[in-house]
> 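Sharing a structure below in structure tokens format, with a few things to ask.
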Amino acid sequence: MSISSTQAIPATSATPEHVAIIMDGNGRWASQRFMPRTAGHAKGVQSVRRAVETCGRMGVKYLTLFAFSSENWRRPAEEVTLLMRLFVQALEREVNRLKEQGVRLHVVGDLSAFEPRLQGLIQEAQAQTEYNDKLHLTIAANYGGRWDVLQATRKMLKANPAFALDPSLIDESALSDQLCMSWAPEPDLFIRTGGEQRISNFLIWQLAYTELYFTPCYWPDFDESELVKAFDWYAQRERRFGRTSAQVHAKK
Ligand code: FPP
């Protein structure tokens, strides 16, 4: 497991190492143009492509995108179907581009709910990019932060039956080692487009000390200049991790 922000003070730099994004506002972008909501999602795929390219160029090592939450099944059936189709298309069409760009793809979430063909494509796309290391692109699909903490707890107890008899043996890393992104550092910068200011059950454990950036820009309009704006905002933040400002400056 990478460094925990509550156990130690992680090294930081002006460019975030890990960026996590909630891509919101696709539906409203489309409605404003009298188009079906699904047209907004289709346009949103272009912003995903742009974000991957820009992050790669700017030296970001981990980009994590919330594509479909555990709660998104509550949407109208045709919208869910379209989102699944977009996901399949993106996996089929984009893998070569990802390979060329040195991007390693990961898909996290409860994938057992997806149809077998989609599960197969996910496995294949992950395998095809597994030797890449420039940028780790993680797509969270049928993902929920609470689901992640629960599945981690179950795995931890299964691996360590003694914990059930003596819970004082449990420490933070015993649990965080089982989270589905245990191989990645905690996000430095969280971005939510679309104007809402909430976390919506995304990476709830890992966002403990993440800088939170909210923008009214709808996801389909989120281009390179918007991402650079978020990075500039991030570069101005003083990351104290519980310390005082004076302590942070004394360290410099
Ligand atoms: C939120 O907008 C967006 C989603 C639930 C889906 C995001 C999916 C994509 C950008 C396309 C597929 C992704 C990949 C990785 C291929 P919303 O529908 O909640 O917008 P609204 O708040 O305006 O209604």
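When a ligand or atom number is given, it counts from 1 through the structure's own listing order.
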> Among all protein non-hydrogen atoms, which one is nearest to atom 17 (P) of ligand 1, and what is the separation to 0.1 Å?
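Going atom by atom, the protein heavy atom closest to atom 17 (P) of ligand 1 ends up being Asp24 OD1, 3.5 Å.
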> Can you list the ligand 1 atoms lying under 4.0 Å from a non-hydrogen atom of Arg28?
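Within the 4.0 Å cut-off of Arg28, ligand 1 contributes 21 (P), 22 (O), 23 (O).
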> I'd like to know if Glu79 pairs up with Arg85 as an ion pair, taking the criterion as any Lys NZ or Arg NE/NH1/NH2 lying under 4.0 Å from an Asp or Glu carboxylate oxygen.
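Looking at Glu79 and Arg85, the cut-off is not met.
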> How far is atom 9 (C) of ligand 1 from the closest protein heavy atom, and which atom is that?
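Result for atom 9 (C) of ligand 1: Asn26 ND2, 3.9 Å.
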> Within this structure, what is the OH-NE2 distance for the pair Tyr62 and His136, rounded to the nearest 0.5 Å?
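Separation between the atoms: 4.5 Å.
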> I need the atoms of ligand 1 closer than 4.0 Å to a non-hydrogen atom of Ile139, numbered in the order shown.
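The atoms of ligand 1 under 4.0 Å from a heavy atom of Ile139 are 15 (C).
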> Please list the nearest protein heavy atom to atom 24 (O) of ligand 1 with its residue and the distance rounded to 0.1 Å.
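Answer, as residue, atom name and distance: Arg37 NH1, 2.8 Å.
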> So does Arg237 pair up with Glu211, basic N to acidic O under 4.0 Å?
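Between Glu211 and Arg237 there is a salt bridge, with a charged N closer than 4.0 Å to a carboxylate O.
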> Please state which protein non-hydrogen atom is closest to atom 12 (C) of ligand 1 and give its distance, to 0.1 Å?
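For this ligand atom, the closest protein heavy atom is Val45 CG2, 4.1 Å.
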> Between Asn72 and ligand 1, which part of the residue brings a heavy atom under 4.0 Å of the ligand: side chain, backbone, both or neither?
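For Asn72, the contact with ligand 1 is made by the side chain alone.
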> Surrounding CZ of Arg146 (heavy atoms of other residues, nucleotides or ligands, distance under 6.0 Å), is the total greater than 12?
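Not buried by this count: 12 neighbours or fewer within 6.0 Å.
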> For atom 20 (O) of ligand 1, which candidate among Ser47, Ala90, Ala141, Gly27 holds the nearest heavy atom?
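Closest candidate by heavy-atom distance is Gly27.
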> Before signing off on this row, confirm whether Gly44 and ligand 1 have an N or O atom pair separated by under 3.5 Å.
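No.
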> Just to confirm my output: which protein heavy-atom neighbour is closest to atom 4 (C) of ligand 1, and how far is it?
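Among all protein heavy atoms, the one nearest atom 4 (C) of ligand 1 is His41 CE1, 3.9 Å.
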> When you measure from atom 14 (C) of ligand 1 to the protein, is at least one non-hydrogen atom found at a distance under 4.0 Å?
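When distances to the protein are checked, atom 14 (C) of ligand 1 has no heavy atom within 4.0 Å.
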> Looking at Phe190, Phe231, Trp233, which hits ring pair (Phe, Tyr, Trp, His ring centres under 6.0 Å) with Tyr213?
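Output: one option passes, namely Trp233.
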> Hey, could you give me the OG1/CZ distance between Thr81 and Arg75, rounded to the nearest 0.5 Å?
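The OG1 atom of Thr81 sits 13.0 Å away from the CZ atom of Arg75.
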> Does the pair Arg97/Glu100 count as a salt bridge with the N-to-O cut at 4.0 Å?
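Salt bridge absent between Arg97 and Glu100.
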> Looking only at protein heavy atoms, which one is nearest to atom 3 (C) of ligand 1, and how far off is it?
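Answer for atom 3 (C) of ligand 1: Met23 O, 3.1 Å.
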> Does ligand 1 have any atom that is closer than 4.0 Å to a heavy atom of Arg75?
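So Arg75 counts as touching ligand 1.
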> Can you confirm whether or not the ring centre of Trp219 sits under 6.0 Å from the ring centre of His41?
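No, ring centres 6.0 Å or more apart.
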> If you measure from each heavy atom of Ala67 to ligand 1, is any distance below 4.0 Å?
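Yes.
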> Can you find a non-hydrogen atom of Glu94 under 4.0 Å from ligand 1?
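No, that is not the case, since the closest heavy atom of the residue is not under 4.0 Å from the ligand.
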> So, the side chain of Thr129 versus the backbone of Asn132: is there a donor-acceptor pair under 3.5 Å, distance only?
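It does not hold such a pair.
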> Describe, in one word, how the ring planes of Phe66 and Phe202 are oriented to each other, choosing from parallel (under 30°), tilted (30 to 60°) and perpendicular (over 60°).
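Rings of Phe66 and Phe202: parallel, under 30°.
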